[in-house]
Amino acid sequence: MNDEWNQLRQQRQEKIEKLRESEIQLYAYNYPQDHTAKEVVDLLNQKDEEIGTDGEKQLEVSIAGRLLSIRSHGKSSFAHIEDRTGKVQIYFKLDILGKDMFEALDLLDLGDWLGVNGSIFRTRTGEATVQVRDWTLLSKSVRQLPLGKTQSEENSSGTVYGGFSNVEMRYRQRYADLAVNPEVREVFRSRSKIISTLRKFLDDRDFLEVETPVLQPIYGGAAARPFVTKHNSLDRTLYLRIADELYLKRLIVGGMGRVYEISKDFRNEGIDRFHNPEFTMLEFYQAFTDYNELMSFTECMLSTVVNEVKGSLELEYQGQNINFKGPFDRVSMLPAVSEILGEDAGELRPTQFYEIAKERGVQVSENWGWGKLLDKCFGELVQPSLIQPTFVIDHPSEISPLAKAHRHTPQLTERFELFIAGEEIANAFSELNDPVEQRARFEGQERMKMDGDEETHPIDEDYIRALEYGMPPTGGLGMGVDRLTMLITNQSAIRDVILFPVLRD
RNA sequence: GAGCCGGUAGCUCAGCUGGUAGAGCAACGGACUUUUAAUCCGUAGGUCGUGGGUUCGAGACCCACCCGGCUCACCA
């Protein structure tokens, strides 16, 4: 297909040439509006109630939007234009517009941006409509939008015929996707609402929003491979952050008490339904608190967000009903795995654990330690059943190098992960603040790296130095904002909640 | 990384065991001054993902590659 020159573009080009010969400007500079599309519809409803049907009093409006449909009837035409608030019907009549401006309508195309002003009325079928007194072309569309056809709004759900559904094209040309699929715009409105609600929730509780480096000399705070870049004049390797954790905790050392950051993080891993190489994470840290208090806090934060965006504590995600009314279930990792294996997993040596796990069909590796085996068994045997919001608590120390040891069980940590619909949404712990212990944990990671683990935490000497100055007891949490948005907007793929997801060339 | 499915007009899709491409919507021309998936009549539009191969002949069969989706693996 010749993308750059086809019949359709040829036809539009001819219209452009005719417009250039006329008085009509193709690309205007501005257009003063006094109403949105939604306000026009609301205004007419109000008028019906307040003024009744006298119909004499004319209400004049100026609105602007994109031309989405046009139905020509010879000496009159109906059309719909859409702005950020929705669609409204407009009506062109020869005897009102005059010959020139009426005939010039032939030079318009779907996708053009128009400003119109005129009086509002209701058609025979009851639709709020603007009778256009004059119209202004605001921007000419040279490329045909992939518009489908929508059945009329009232009582139907706006069934779309045809439409633009090719997922690859929708991601590659998100502008076209947004232009023709209002439900996609709605998803991103919800996303924005989710983020602003999170921000307000934390601001209201005296958290300080901060910005920490995206370019970092040492990456850390998570187990993942980083993107590597280089600063030319410093001749130095820098990494795009995989998490903000270690910087935010430095701020707690600095006495800032309560901090948060909503950040883009970058992980050089595979791409699938739940992973995009760049994604949005909320992390917050609060001094003088532990993971128990954080769990209550998280319940409150999530139910506030869900209620604010959905107007309810319940929602449907991919056919499952999810209820955000706290308190959420809590499942302790070690007893849960012990129960399902019928063995006290806490007493197992790694070699025994490996054999038992293998018998149960868990994909394990012979050289794994006890902690990794426990985590993997949990992930395969227990996690898939966690549909309702559930805190999984007390992870092995071996896989939690930044979490404080459990106050009663030393090989575990005070950590929780929140699972909803079988997916991890958040990860939090009582932060490890003993610099000696922290160094030992980092060294343990180094040994795992030498054993071939590619996603260990490197030793961050500066972070240890910070801990040596003294970090108060602190609870911290990281939450995947994209995944939360998927849940709340009922989208099955992370790409559907990221405006411009990463694709191949 | 592996398996399966897909890439045909601007969009959504059809094209049977190989005979050189079709519909709906959009577009273009015409009729129609309250329509709403407007209607009616007419027209045009495609290097069938890319590159090879088999064949008298390939959208279809074979091979390789590119892009996407799903599942699994890996991973949070």
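Residue numbering restarts at 1 for every chain, and letters A, B, ... go by the order of the sequence lines.
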Worksheet entry | Residue pairs fulfilling side-chain hydrogen bond (donor to acceptor under 3.5 Å, both in side chains) with at least one residue in residues 261-272 of chain A, sequence neighbours excluded |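 Non-adjacent pairs meeting side-chain hydrogen bond (donor to acceptor under 3.5 Å, both in side chains): T212(A)-E261(A), R241(A)-E261(A), R241(A)-D265(A), D244(A)-S263(A), S263(A)-D265(A), K264(A)-E278(A).
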Worksheet entry | Pairs flagged by salt bridge (Lys or Arg N to Asp or Glu O under 4.0 Å) wherever residues 370-395 of chain A is involved - sequence neighbours left out |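 For residues 370-395 of chain A: K372(A)-D453(A), K376(A)-E380(A).
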N/O donor-acceptor pair, side chain [X] with base [N], under 3.5 angstrom:
| X | N | value |
| --- | --- | --- |
| N166(A) | U12(B) | no |
| R71(A) | U35(B) | yes |
| Q89(A) | U35(B) | yes |

Worksheet item: Which nucleotide, G10(B), G69(B), C75(B), lies nearest any side-chain atom of Q144(A)?
Response: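 Side chain of Q144(A) sits closest to G10(B).
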Worksheet item: Counting side-chain heavy atoms from C-beta on, which of A38(B), U34(B), C11(B) comes nearest to K149(A)?
Response: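 For K149(A), the side-chain atoms sit closest to A38(B).
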Item to complete: For L68(A) and A26(B), give me the distance from atom CG to atom P, rounded to whole Å.
Response: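 Atom-to-atom, L68(A) to A26(B), this comes out as 13 Å.
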Fill in: ring-ring contact (aromatic ring centres under 6.0 Å, His included) against H406(A), all qualifying residues, sequence neighbours excluded
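Here the qualifying residues are H408(A).
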Item to complete: For Y285(A), enumerate each residue passing the ring-ring contact (aromatic ring centres under 6.0 Å, His included) test, keeping only those at least two apart in sequence or located in another chain.
Response: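 Partners of Y285(A) by the ring-ring contact (aromatic ring centres under 6.0 Å, His included) criterion come out as none, since no residue qualifies.
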Fill in: Close side-chain approach of L302(A) to F328(A), heavy-atom, < 4.5 Å
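Heavy-atom side-chain distance check passes, below 4.5 Å.
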Discussion item. Quick test of your reading of the model: are R330(A) and E299(A) salt-bridged, counting only N-O distances below 4.0 Å?
Written reply: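 Judged by the 4.0 Å cut-off on N to carboxylate O distance, R330(A) and E299(A) do form a salt bridge.
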Worksheet entry | Sidechain N-carboxylate O distance under 4.0 Å for E417(A), R415(A) |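 Answer for the salt bridge query: yes.
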Practice prompt. Would you indicate what R504(A) reaches in the nucleic acid, counting non-hydrogen atoms under 4.0 angstrom: base, sugar-phosphate, or nothing?
Written response: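 Sugar-phosphate contact only - R504(A) comes under 4.0 Å of backbone atoms but never of a base.
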Discussion item. Measuring to OP1 and OP2 of G68(B), would you say a side-chain N or O of R170(A) lies under 4.0 angstrom away?
Written reply: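 It does not, given that no N or O in the side chain of R170(A) lies less than 4.0 Å from OP1 or OP2 of G68(B).
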Practice prompt. May I ask you to evaluate whether R172(A) reaches the phosphate of G68(B), defined as a side-chain N or O under 4.0 Å from OP1 or OP2?
Written response: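 For G68(B), OP1/OP2 do have a side-chain N/O of R172(A) under 4.0 Å.
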Item to complete: For RNA chain B, determine which residues of residues 102-117 of chain A have any heavy atom closer than 4.0 angstrom to one of its atoms, and list them numerically.
Response: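 D109(A), L110(A), in order of number.
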Discussion item. Among residues 354-378 of chain A, which ones have heavy-atom contacts with RNA chain B below 4.0 Å?
Written reply: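 Here the set is Q363(A), K376(A).
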